[in-house]
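Labels below follow one simple rule: chain letters A, B, ... track the order of the sequence lines, proteins then strands, and each chain is numbered from 1.
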Amino acid sequence: MRRGLGGHLRCLRVAAIPAVFVFLASCASNAPQDTLSPDGPIARKEGNLFLFVFAIAAVVFVLVQGLIIATVVRHRHRPGRPDPIQVHGNTKLELGWTIVPALLLVGVAFPTVFTIFDIAKEPTKNVLPVEVYGHLWWWEYRYPTLGISTANELHIPIKTDVRLSLHSIEPGLPAAKGEEFATGVIHSFWVPKLAGKQDVVPGRVNKLTIRAERADTYHGQCAEYCNLSHANMRLRVVSQEQAGFDGWVAQQRKPIDVPQSGDAAAGFALFKGKGTCIGCHTMQGVQGAVARVGPNLTHLMGRETFAGATFDITPENLHKWIENPSAMKPMRPEKGTGMPKIPLSDNEISQLVAFLTTLK
Amino acid sequence: MAVAVTRAPARPFARPKAEHGFWSWISTVDHKRIGILYGVTAFLFFLVGGIEALLIRGQLAQPNGKVLTADEYNQLFTMHGTTMVFLVIMPLAAAFGNYFVPILIGARDVAFPRLNAFGYWVFLAGGGLLYSSFLFGGAPNGGWFGYAPQTNPTFSPGHGIDFWLVGLVVTGIGSLTAAANFIVTTLNLRAPGMTLMRMPVFVWMNLVVSFLLLFAIPIITVALFELYFDRNFGSNFFNANLGGDPVLWQHLFWLFGHPEVYILILPAMGIVSEVLPVFSRKPLFGYSVVVFSGIAIGFMGWGVWAHHMFAVGLGPVANSAFAASTMFIAVPTGVKIFNWLATTWGGDLRLKTPMLFALGFIGMFTIGGLSGVTHSIVPSDYQQTDTYYIVAHFHYVLFGGAIFGLFSGAYYWAPVVTGKLLDEKLGKAHFWLMLIGFNLTFGPMHVLGLQGQPRRTYQYPKGMGWDFWNLISTIGALTIALSILMFIINILKTARNPERAPQDPWDGRTLEWTIPTPPPEYNFAEIPVVHSRDDFWHRKYTEDETGRLVRIPAGGSDDAEDHEHHGHEEHGHGHGIHMPSPSYFPALASLGIMIVGYGAIYLKSGHWWLMAIGGVVVLAGIFGWGNEPLAEEH
């Protein structure tokens, strides 16, 4: 048994070093939210700092695990061995392993503090401000300098510092006196390849800078537990060349083309009337449709996903959604958080979907 | 312990007389039986929390898991965390503390035996309150950290959060009484010659933990009350709509929560500090440094809480300060690890099950400590906080650390408690399965976190690159379950095994090996006089001038045999030793607190009368308690 045990331990020692490589290699696989394959300067600084400390930690890891294995292999009981020398301590050694790690940590502390302040810097040149609003359970983006708003999929121009100001609101809930909206719960805005997360805290406005170096679609999601449907509060960031971004902005500014005939026209009537959709959703070009309880739907089909970037936008999915939203994504509409089930017939839902799919 | 016996005034109940069976356990005030109650209860909660973990892992084995709904998942991860922290690791540490602190310092009981019983029953009442939520419309779903404002009634309707709030306040009462009891016991009831710097490290760590509890529990209690008031009386402590601040909750919770981490890990560090010297046949390397670093961790643990809040937006100055304090708490922790390794170095290592778990503790806890240092790197923590990387980290600390340490203690001290040795083959199977299963479960979570998988999400979509490691993690969780099965089989097998352990099976160093097993009610027929650290060891061995061990011929083990002889006598009465008499009142008072708890939970639906009834029961319990003497005249 003892021999067998020693054998196991030797195997472990041999396995330890490749394990570190497997660990690093496994991080490099294709994962859209990988924190270690950054595409923006902030995520890169954060990732580099991690790799720097990880390298130090790996050395300590190998040292300590190596010592455990070495002590077990060298000093395990063998019959006939004399009793060990009774060592009670060694002040020099103990001072050594107090001071050396402390110095090592001082060495880590300097780049850490430097990077903390570096990341917190307010960008000054060529900045695009965007207001981010965390709702239960989706994201609203408003571009104050461009006069547009959208949901879940944030479009940004590349090589531009985008300064996000993060708010938590629930326009579906009664607001306090003198306030426009009620505050919501804590969320956290996170697009791993662009930047680490920043919490969205009711009653305060946090800031976060993101910057994309190339045109791509980045995945992200809410990272602070926001109760029931936290898992379904995802988001995308679409980075575009400046020209492409300008085109997108121009499109977002347009009001809808009101459909004149067919199912789409019937759906439009339902949207304004029986469906009561305008009670919650903004629709540019429609009188009175300015609510922010749910996402702005004016250019719905310009997005790839809906319901907190959870489902692909297809007529089938939209139909299923309107039929019973909470069955697709857990919500609490009875508490004012989430889309309620609207009493519409199957045919009416089809008409509504026909209208929605015209919203380019 | 000398007890003044006074004439009893009129009392509502007859003094319990049962020495065996159900009522003897309800009314016991013997620290050893209370320790067993803590241990058995905590182990049952461990199984429940483990089943919750298996359901969670079942749900996450594949993308878009369908085993659980979002609501069920949220309830389960909330209860898993709450259970493992408050109902498993804390009471398991209390179990070892209760059973062994008095014995290790050469005392016959704790300072306040009935308060000790009360602490256990209140803990059970709190656990019962929490778990009864499953029967009354749903368990809490706000996470073990219960962040405001998602825990207010708009976002968490139903009574789940109220069960959580009241249940934790109630278990907190038990933690406070236990802490006060341990502090007084350790400071006042030590045997002659047992100076503070001769105390076993486990006793030291238990003392540090007791002080941490004494100061940490009031903080969480304040927070829980404030949230309860927000939910039930419309106060606005955490309501940003009306000038409150949800970040206040986070400060209060983590100002408790981080010392709590040390409350969970220090007892295990104490156990390992006992086990390593025994199985290395060498004294603990740098006893005073190990003790001092434990105290230093206790102090520094109060200055690091905001590292749980780096992404909240406290600003670069605060984040830098807490980054620095968090880095430097790693120093005393690292010192301990090197001292433990130095203890084994040059020793004669007996790789019995307790030793395997202790070595496993060092290895796994080191990994948790190192990933902890990476959290203090604030910019990298912006990426890792609230991901599976954090889940990996604290499981390496609390499972790879605390649970491995506690299992080490279970195998080590089983011969004292039961008089029998647990089976070595099954023990080793338990250890290796657990070590492998543990690393399979939580190792991949580092990768998942770095690849961007957030915590507390009941589903994840396909195509995120998380499928493979999640499946491995679930397989690991099943392996851990198998290892726990080995432990249960081991217990059952040992219970049926008539073979008794020898008096001092591990060649121990401390006082628990000098008394008969299981120990008599009074522990020591004669209070020992302590002459040195590791007193029992020095009765058996001395060192020659080169530092080699020399057995003292026909030495100290004699008086151990002597004690064993006494142990066969029926009770301590023959020695004229008065032990505290059993009492129903601690359990009664706790039952009252539980009823008050239900009243508080259902206050808004008009069940204030439950609070009134419970209040009367509490008063009756305390009144009876106050009016009966600690010990009856025989």
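- For chain B, the nearby parts of Val106(A) are the backbone and the side chain; heavy atoms of each come within less than 4.5 Å.
- In this structure, no portion of Ala175(A) lies under 4.5 Å from any heavy atom of chain B.
- If you measure heavy-atom distances from Leu242(B) to chain A, the contacts under 4.5 Å come from the side chain alone.
- Only the side chain of Gln221(A) comes within contact range of chain B, with at least one heavy atom under 4.5 Å from a heavy atom of that chain.
- Annotation: maximal heavy-atom pairing with chain A below 4.5 Å, among Asn339(B), Asn239(B), Asp71(B), occurs at Asn339(B).
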Intermediate values then yes/no, side chain to side chain contact (heavy atoms under 4.5 Å, CB included), Arg74(A) and Trp345(B): CA-CA 9 Å; Arg74(A) 284 189 56 163; Trp345(B) 196 263; 3.8 Å; yes

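- Heavy-atom distances place the side chain of Leu93(A), and not its backbone, under 4.5 Å from chain B.
- Ranked by non-hydrogen atom pairs under 4.5 Å with chain B, the options Lys335(A), Arg81(A), Lys197(A) are led by Lys197(A).
- With chain A as the partner, the residue from Glu543(B), Gln453(B), Lys425(B), Met309(B) showing the most heavy-atom pairs under 4.5 Å is Glu543(B).
- Residue with the most contacts toward chain B among Gly203(A), Ala176(A), Pro202(A): Pro202(A) (heavy-atom pairs, distance under 4.5 Å).
- Of the listed residues Gly286(B), Gly449(B), Ala148(B), the one with more heavy-atom pairs under 4.5 angstrom with chain A than any other is Gly286(B).
- Among Asp544(B), Asn319(B), Val335(B), the residue making the largest number of heavy-atom pairs under 4.5 Å with chain A is Val335(B).
- Residue Gly184(A) comes nearest to Pro149(B) through the heavy atom pair O-CG, 3.4 Å, listed as atom of the first residue, atom of the second, then distance.
- At distances below 3.5 Å, at least one donor-acceptor pair connects side-chain atoms of Gln65(A) with backbone N or O atoms of Gly363(B).
- Ion pairing of Arg551(B) with Asp83(A) is absent here, as no side-chain N (NZ or NE/NH1/NH2) approaches a carboxylate O to less than 4.0 Å.
- Interface check for chain B: of the options Leu166(A), Val100(A), Ile186(A), the most heavy-atom pairs under 4.5 Å are formed by Ile186(A).
- Considering only heavy atoms from C-beta on, Gln384(B) comes within 4.5 Å of Phe50(A) through its side chain.
- Here CE of Met464(B) is found 10.0 Å from CG of Asn30(A). Values are rounded to the nearest 0.5 Å.
- With chain A as partner, the option from Val247(B), Thr343(B), Asn152(B) having the largest number of non-hydrogen pairs under 4.5 angstrom is Val247(B).
- With Thr115(A) as the fixed residue, the side chain to side chain contact (heavy atoms under 4.5 Å, CB included) test singles out one of Pro379(B), Pro316(B), Ser380(B): Pro379(B).
- The two residues Val64(A) and Leu341(B) have their closest heavy-atom pair at CG1-CD1, 4.1 Å.
- Considering only heavy-atom pairs separated by less than 4.5 Å from chain A, the leading option among Gly313(B), Gly244(B), Ala70(B), Ser320(B) is Ser320(B).
- His187(A) and Gln150(B) form no side-chain donor-acceptor contact under 3.5 Å, judged by distance and modelled atom types alone.
- Minimum heavy-atom separation, Asp34(A) to Leu450(B): OD1-O, 3.2 Å.
- For chain B, no part of Leu103(A) is nearby; none of its heavy atoms comes within less than 4.5 Å.
- For the options Ile56(A), Thr337(A), Leu67(A), Asn48(A), heavy-atom pairs under 4.5 Å to chain B are most numerous at Leu67(A).
- Contact annotation for Phe52(A): neither backbone nor side-chain heavy atoms come within less than 4.5 Å of a heavy atom of chain B.
- Residue His88(A) holds its NE2 atom at 13.5 Å from OH of Tyr287(B), rounded to the nearest 0.5 Å.
- Between the side chains of Trp190(A) and Gln383(B), at least one donor N or O lies within less than 3.5 Å of an accepting N or O.
- There is no contact between Phe238(B) and chain A, counting heavy-atom distances below 4.5 Å.
- Both the backbone and the side chain of Thr183(A) come within contact range of chain B, each with at least one heavy atom under 4.5 Å from a heavy atom of that chain.
- Remark: Phe155(B) CZ to Cys226(A) SG distance equals 10.5 Å, nearest 0.5 Å.
- Contacts of Leu173(A) with chain B are made by side-chain atoms alone, with heavy-atom separations under 4.5 Å and no backbone atom involved.
- Atoms NE2 and CZ, from His75(A) and Arg281(B) in turn, are 15.5 Å apart once rounded to the nearest 0.5 Å.
- Under the 4.5 Å side-chain criterion, counting only non-hydrogen atoms from C-beta, His77(A) is not in contact with Leu351(B).
- Both the backbone and the side chain of Val87(A) come within less than 4.5 Å of a heavy atom of chain B.
- Contact of Ala109(A) with chain B is made through backbone and side chain together, with heavy-atom distances under 4.5 Å.
- In this structure, the separation between CD1 on Ile68(A) and OG1 on Thr366(B) is 5.5 Å, given to the nearest 0.5 Å.
- Surrounding CZ of Phe117(A) are more than 12 heavy atoms belonging to other residues, nucleotides or ligands, all under 6.0 Å away.
- Note: Arg204(A) CZ to Asp245(B) CG = 5.0 Å, rounded to the nearest 0.5 Å.
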Verdict with reasoning, Val373(B) to Leu105(A), per side chain to side chain contact (heavy atoms under 4.5 Å, CB included): CA-CA 9 Å; Val373(B) 171; Leu105(A) 287 166; 3.9 Å; yes

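- Residues Met327(B) and Val108(A) form a side-chain contact, since some pair of their non-hydrogen atoms from C-beta on lies under 4.5 Å apart.
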Could you go through Trp97(A) and Val331(B), starting from their C-alpha distance and side-chain angles, then the distance that decides it, and tell me whether this counts as side chain to side chain contact (heavy atoms under 4.5 Å, CB included)? CA-CA 9 Å; Trp97(A) 61 57; Val331(B) 174; over 6 Å; no

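- Looking at Trp340(B), there are no atoms closer than 4.5 Å to chain A (heavy atoms on both sides), in backbone or side chain.
- Side chain to side chain, Ser156(B) and Asn227(A) meet the donor-acceptor criterion of an N or O pair below 3.5 Å.
- With a 4.5 Å cut-off on non-hydrogen atoms, Leu136(A) touches chain B through its side chain but not through its backbone.
- Ranking Ala43(A), Gly89(A), Pro84(A) against chain B, the residue ahead of the rest is Pro84(A), based on heavy-atom pairs under 4.5 Å.
- Of the atoms belonging to Asn90(A), heavy atoms from both backbone and side chain fall under 4.5 Å from chain B.
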Worked check of side chain to side chain contact (heavy atoms under 4.5 Å, CB included) between Ile85(A) and Lys282(B): CA-CA 7 Å; Ile85(A) 293 174; Lys282(B) 271 182 73 206; over 6 Å; no

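- When heavy atoms are compared at a cutoff of 4.5 Å, Phe145(B) approaches chain A solely by way of its side chain, counted from C-beta outward.
- With a 4.5 angstrom heavy-atom cutoff, Ile119(A) touches chain B only via side-chain atoms.
- Comparing Lys329(A), Gln33(A), Glu46(A), Gln86(A) by how many heavy-atom pairs each has under 4.5 Å with chain B, the most go to Gln86(A).
- Asn74(B) and Tyr225(A) share a donor-acceptor pair across their side chains, judged by distance under 3.5 Å alone.
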